[in-house]
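Residue numbers count from 1 along this sequence. Both ligands and their constituent atoms are indexed starting at 1 by order of listing.
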Amino acid sequence: MQGACILAIETSCDETAVAIFNEGRLVASEVASQMAIHSEFGGVVPEVASRNHLSALHPTLERAFSSAGLSLNDVDAFAATNGPGLATSLMLGMSMAKGLAVALKRPFIAVNHMEGHLLSPFMSDPEEPCDSIGLVVSGGHTLLVRVFEIGRYHLLGKTVDDAAGEAFDKVGKLLGLAYPGGPRVAALAEQGDARRFSLPRSMLHSGDYQFSFSGLKTAVRYLLPKHDPVPVADICASFQEAVVDVLVEKTMRAVRLSKVTALALSGGVSCNARLRERFKQACDASGVRLFLAPPALCTDNAAMIAYVAFLRLRKGEAGDLAADVHPNFNAAAWLAEVPN
Ligand code: KG4
Ligand code: ZN
């Protein structure tokens, strides 16, 4: 399966995405975003998401084939995200990929969305994902993971309340910015003074790898009535710096203590320019190789799903047409034994 052509579908949340991986490289990655639709509601509405996947899936698939210059008969295996995510949205992508696999008598691989994010920074590297630390910072999750090899991960820590992206989005909402707030808060932060407000760095010295961002969001809420006009850019910059400080400090500690020499950043928040800059400085200072996905592959996409399916097929996996959806993140499946 080294030169296999894999078509992957991702519909876990509000992006309808189709990608094709052919001969070990990405040849198409199409994303139909529903962001403008959900923006009206200030967040993702599950039923609206499912209905939009239903109408967007086929045109997105056609666009992927036309940009790759390939057709359905060229596909050797089909893959789809089976969780975590919105159950009814996941089912649509899974059903379409399974249906195609059955019709064409090809294998079907179910891929975990978080594993897709986690390994995505290695996609353009000819080598396999290596022994490393992975930080996944998305809208729904904040995971710090020790990666041993494909499929063998140890979850070091996660958020105890809001995910990093969720905190960005909630602060954006408090400031009256459109959904999702993350990129807007980041853009405003560029013009602000990050030292103007001293905001909490929760759990910075907790001695473990857990994160907490809801206190930080609350601190921003208390700040607002004290100012008129609200110094939006300074608040964004001070908030962003607090998030980045905690993520960098705790992640670099995990890198040091696990004695790995590689770090991979992924998930929507890893688009953040300040986060990338601070991690680059920290990794340069300690001789650690930093793996980053291009911004278009940090937010939800099907390329990362196709890539994981490619790695697993290459390892000899047969596929599973009976695979179910798993809307919740199952931390227990991410607890590989850590060697002494
Ligand atoms: O990985 P992703 O596309 O979706 C999930 O699986 O959740 O991540 C989306 C999250 C949103 O919370 C969005 O606001 C955040 O990533 N995000 C950012 C930036 N770009 C996207 N957060 C901070 N700075 C950014 N530049
Ligand atoms: Zn995601």
Which atoms of ligand 1 are found less than 4.0 Å from any heavy atom of Gly139? 5 (C), 7 (O), 8 (O), 9 (C), 10 (C), 12 (O)
Just say parallel, tilted or perpendicular for the rings of His117 and His113, cut-offs at 30° and 60°. perpendicular
Within 45° of the axis and under 6.0 Å from the centre of the six-membered ring of Tyr153, does NZ or CZ of Arg146 qualify? no
Give the numbers and elements of all ligand 1 atoms closer than 4.0 Å to a heavy atom of Gly165. 12 (O)
If we number the atoms of ligand 1 from 1 as shown, the ones under 4.0 Å from a heavy atom of Ala186 are 24 (N), 26 (N)
Can we say Glu128 and Arg314 salt-bridge, meaning some charged N sits less than 4.0 Å from an Asp/Glu carboxylate O? yes
Short N-O contact, Asp125 and Arg289, less than 4.0 angstrom: yes
For Tyr307 and Phe21, take the angle between the two ring planes, folded into 0 to 90°, and tell me which bin it lands in: parallel under 30, tilted 30 to 60, perpendicular over 60. tilted
So which protein heavy atom does atom 24 (N) of ligand 1 come closest to, and at what separation? Asn272 ND2, 3.0 Å
Under 3.5 Å between any N/O of Gly268 and any N/O of ligand 1: does that happen in this structure? yes
Contact atoms of ligand 1, heavy-atom distance to His117 under 4.0 Å: 1 (O), 6 (O)
Assess whether atom CZ of Arg274 is packed by more than 12 heavy atoms of other residues, nucleotides or ligands within 6.0 Å. yes
So for ligand 1, is Pro180 a polar contact partner (N or O within less than 3.5 Å, distance only)? no
Look only at interatomic distance and state if Gly267 has a nitrogen or oxygen under 3.5 Å from any nitrogen or oxygen of ligand 1. no
Would Lys280 and Asp284 pass as an ion pair if we require N to O under 4.0 Å? yes
Would you mind checking which non-hydrogen protein atom is closest to atom 22 (N) of ligand 1, with the distance to 0.1 Å? Gly182 CA, 3.6 Å
Taking atom CZ of Arg196 as the centre, does the number of heavy atoms from other residues, nucleotides or ligands within less than 6.0 Å exceed 12? yes
Which of the listed options, Val244, Asp300, Val243, Val269, holds the heavy atom that is closest to atom 4 (O) of ligand 1? Asp300
Check if His141 has a non-hydrogen atom at a distance under 4.0 Å from any atom of ligand 1. no
Atom name of the N, O or S atom of Asp300 nearest to the Zn ion (ligand 2) is OD1
Give yes or no for whether the N/O distance cutoff of 3.5 Å, strictly under, is met between Gly140 and ligand 1. yes
Those atoms of ligand 1 less than 4.0 Å from some heavy atom in Thr299: 3 (O)
Between Gly181 and ligand 1, does any nitrogen or oxygen pair lie at a separation below 3.5 Å? no
Is the shortest side-chain N to carboxylate O distance from Glu249 to Arg278 below 4.0 Å? no
Mind checking whether Pro183 has a heavy atom under 4.0 Å from ligand 1? yes
Counting backbone and side chain alike, does His113 bring an N/O/S atom below 2.8 Å of the Zn ion (ligand 2)? yes
Should Phe65 and Ile9 be regarded as members of a common hydrophobic cluster, given that ILVMFWY residues are connected when their side-chain heavy atoms come within less than 4.5 Å of each other, either directly or indirectly? yes
Does the ring of Phe211 carry Lys250 above it, NZ/CZ under 6.0 angstrom from centre and within 45° of its axis? yes
Distance-only, no hydrogens or angles: does the Asp131 side chain make a donor-acceptor pair with backbone N or O of Phe148 under 3.5 Å? no
Whether His117 has an N, O or S atom under 2.8 Å from the Zn ion (ligand 2): yes
Can you find a non-hydrogen atom of Gln240 under 4.0 Å from ligand 1? no
I need the contact type for Asp169 against ligand 1. Using non-hydrogen atoms and a strict under-4.0 Å cut-off, is it side chain, backbone, both or neither? side chain
